[in-house]
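Everything below concerns the one structure shown next.
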2 protein chains.
Amino acid sequence: MIQNLTEHDREQLQEALGKSGQKVTPQREAVFTVLLAQRDHPTVDEVFQRAREVMPGLSLATVYNCLETFVGCGLVRQVNHERESTRYCPNLAPHAHFRDKATGRVHDIELPPEVLKSLRSILPPGFDSEVIEISFHGRAQSGEQTSN
Amino acid sequence: MIQNLTEHDREQLQEALGKSGQKVTPQREAVFTVLLAQRDHPTVDEVFQRAREVMPGLSLATVYNCLETFVGCGLVRQVNHERESTRYCPNLAPHAHFRDKATGRVHDIELPPEVLKSLRSILPPGFDSEVIEISFHGRAQSGEQTSN
DNA sequence: CTTGCGGATTAGACTCATTCTAACTGATTA
DNA sequence: TAATCAGTTAGAATGAGTCTAATCCGCAAG
């Protein structure tokens with residue numbers, strides 16, 4: 001069910017944590033593994049449930065801590081929709097999110113550089129943006145599977 | 001401080017509420033007035049404080065109810081940023097939001113139709129979006145005053 | 001070894017925006 | 001007048017997220 005990390009993924013984890021002076025711990029590895037295993041934008045609670053299967057003693061607080069750490073060192077992105085629980089996404093490429101009204105599922109939508117650029121261009125002078133979040137809300141025909 | 005509604009604004013309120021079978025009440029009028037008087041994307045609590053000056057008996061629950069009603073009949077938009085308190089915005093033209101890291105203030109950014117169109121175009125077939133939310137996060141040079 | 005240190009983890013208490021509930025109000029209808 | 005019904009109200013309940021204080025664990029110094 002939940003595979004171990006590949007060499008590559010473990011290196012990515014190690015490098016990102018190392019850069020911000022933090023260590024790879026079993027808990028962090030477990031949480032990261034869970035994120036990569038099923039790229040469906042899980043909530044903290046879902047991550048918690050899944051990680052528990054692998055590491056039963058893991059606490060919710062630690063899941064919060066791990067995810068915060070990952071966000072801090074750029075390993076994962078937070079996805080917020082309205083005021084629902086925050087979700088987490090290990091896709092680092094620039095992308096938008098599509099929230100399916102019917103299922104609640106979140107799909108990643110690739111964001112071509114030229115669209116990103118045209119978006120940036122609408123900012124009046126003096127506004128300097130580091131982060132742009134784009135989210136769609138609507139219906140996806142069932143069968144659509146942008147699992148990422 | 002808080003002006004009364006103009007004829008035009010009162011009509012807008014009446015029409016929007018009427019369309020969804022609801023009435024203009026003193027509380028709703030007060031809340032709407034507050035929203036129009038200071039277009040700084042107030043939180044529920046801020047609306048509550050301001051409306052109280054005009055209608056001291058007003059309850060927080062009612063402010064929640066009024067705002068929900070307004071959103072439901074398309075009179076105002078909700079603005080969410082990360083997991084902070086929801087803010088409200090009576091600007092109905094399509095626009096993005098810019099959240100100033102330093103001050104926490106939210107500015108409206110005009111959204112040209114062609115940019116909106118290019119955004120829609122990135123959706124794969126089968127995805128049909130009703131709402132698009134775009135929010136920037138960064139720094140605005142002090143002095144920038146997009147109060148809307 | 002064993003001691004001490006510091007970051008990581010843990011359980012549980014706490015916060016606070018929002019939602020829910022049940023009682024009340026006041027206008028309108030029967 | 002009584003019944004009805006949307007709207008309002010105060011306060012309780014919810015629940016995601018944060019904080020706190022105690023514990024754990026790996027490691028470097030003695």
Side-chain angles (χ1 to χ4, degrees), chain A residues 13-14 16-34 41-52 54-73 75-89 104 106, chain B residues 13-14 16-34 41-52 54-73 75-89 104 106:
Chain A
L13 176 62
Q14 174 136 29
L17 286 172
K19 257 189 209 161
S20 33
Q22 278 158 115
K23 302 179 220 164
V24 177
T25 66
Q27 288 85 345
R28 284 173 181 168
E29 209 172 300
V31 169
F32 193 55
T33 305
V34 161
H41 307 85
T43 61
V44 172
D45 222 71
E46 285 162 348
V47 173
F48 180 50
Q49 303 303 339
R50 292 175 198 174
R52 277 261 210 187
V54 161
M55 184 181 278
L58 185 69
S59 88
L60 181 60
T62 300
V63 176
Y64 273 101
N65 290 339
C66 290
L67 290 170
E68 193 193 338
T69 303
F70 293 164
V71 170
C73 67
L75 264 180
V76 310
R77 270 176 65 183
Q78 277 184 326
V79 185
N80 289 292
H81 243 288
E82 318 269 291
R83 297 207 92 254
E84 289 169 13
S85 311
T86 300
R87 295 173 175 275
Y88 292 84
C89 160
V106 176
Chain B
L13 176 63
Q14 174 137 29
L17 286 173
K19 258 190 208 160
S20 33
Q22 279 158 113
K23 300 181 219 164
V24 177
T25 66
Q27 289 85 345
R28 285 173 181 167
E29 209 171 303
V31 170
F32 193 55
T33 304
V34 161
H41 306 87
T43 61
V44 173
D45 222 71
E46 285 163 348
V47 173
F48 181 49
Q49 303 302 340
R50 292 175 198 174
R52 277 262 213 185
V54 161
M55 184 181 277
L58 184 69
S59 88
L60 180 60
T62 299
V63 175
Y64 272 100
N65 290 339
C66 290
L67 290 170
E68 193 193 338
T69 302
F70 293 165
V71 170
C73 67
L75 264 180
V76 310
R77 270 175 65 182
Q78 278 184 326
V79 185
N80 289 293
H81 242 288
E82 317 270 291
R83 298 209 89 252
E84 289 170 12
S85 310
T86 300
R87 295 174 174 276
Y88 292 84
C89 161
V106 176

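As a basis for the values below, the full set of heavy atoms in this structure was taken, side chains included, without hydrogen atoms, waters or symmetry mates. Naming convention: chains lettered A, B, ... in sequence-line order (proteins, then strands); numbering from 1 in each chain. Because the structure is a prediction, the values reported are computed rather than measured.
Contact annotation: the side chain of Arg87(A) never approaches that of His81(A) to less than 4.5 Å [non-hydrogen atoms, C-beta and beyond]. The side-chain heavy atoms of Thr86(A) and Val44(A), taken from C-beta on, include no pair separated by under 4.5 Å. Residues Phe48(A) and Arg52(A) are in side-chain contact: their nearest non-hydrogen atoms beyond the backbone lie under 4.5 Å apart.
Between the side chain of Arg83(A) and the backbone N or O of Asn80(B), no donor-acceptor pair lies under 3.5 Å. Of the possible polar contacts, none joining the Gln49(B) side chain to the Glu46(B) backbone as a donor-acceptor pair under 3.5 Å is found.
Of all nucleotides listed (dT10(C), dG17(D), dA17(C)), dG17(D) comes nearest to the side chain of Tyr64(A). Nearest nucleotide to the side chain of Val44(A), out of dT10(C), dG17(D), dT9(D): dG17(D). Considering only the side chain of Cys66(B), dT8(D) comes nearest among dT8(D), dA16(D), dA17(C). Nearest to the side-chain atoms of Arg28(B) among the listed nucleotides dG12(C), dA8(C), dG7(D) stands dG7(D). Checking dG7(D), dA17(C), dA8(C) against every side-chain atom of Thr25(B), the shortest atom distance belongs to dG7(D).
In this structure, the CD atom of Glu68(A) is 14 Å from the C1' atom of dA16(D), given to the nearest Å. For the pair Asn65(A) CG and dG6(C) C1', the interatomic distance rounds to 15 Å; values are reported in whole Å. Residue Leu58(A) contributes atom CG, which lies 10 Å from atom C1' of dT10(C) at whole-angstrom precision. Across the protein-nucleic acid pair, Asp45(B) atom CG and dT15(C) atom C1' stand 14 Å apart, rounded to whole Å. The separation between Phe48(B) atom CZ and dT18(C) atom P is 14 Å, rounded to whole Å. Residue Gln27(A) contributes atom CD, which lies 13 Å from atom C1' of dT23(D) at whole-angstrom precision. One interatomic measurement links the two molecules: CZ of Arg52(B) to C1' of dT8(D), which rounds to 13 Å at whole-angstrom precision. Between Gln22(B) atom CD and dT28(C) atom P there is a gap of 17 Å when expressed in whole angstrom units.
Residues Asn80(B) and Gly57(A) each lie close to DNA chain C; by heavy-atom proximity, the contact nearer the 5' end of the strand is made by Gly57(A). Of the two residues near DNA chain D, Lys23(B) and Leu60(B), the one whose nearest nucleotide lies more 5' is Lys23(B).
Of the side-chain N and O atoms in Thr43(B), none sit less than 4.0 angstrom from OP1 or OP2 of dA17(C). Proximity of Thr86(A) to the phosphate of dA16(D): no side-chain N or O atom is located under 4.0 Å from OP1 or OP2. In this structure, Arg83(A) reaches the dT18(C) phosphate: one of its side-chain N or O atoms is under 4.0 Å from OP1 or OP2. The side chain of Thr62(B) places an N or O atom within less than 4.0 Å of a non-bridging phosphate oxygen (OP1 or OP2) of dT9(D).
Within the 4.0 angstrom heavy-atom criterion, no nucleotide atom of any strand lies near Glu84(A).
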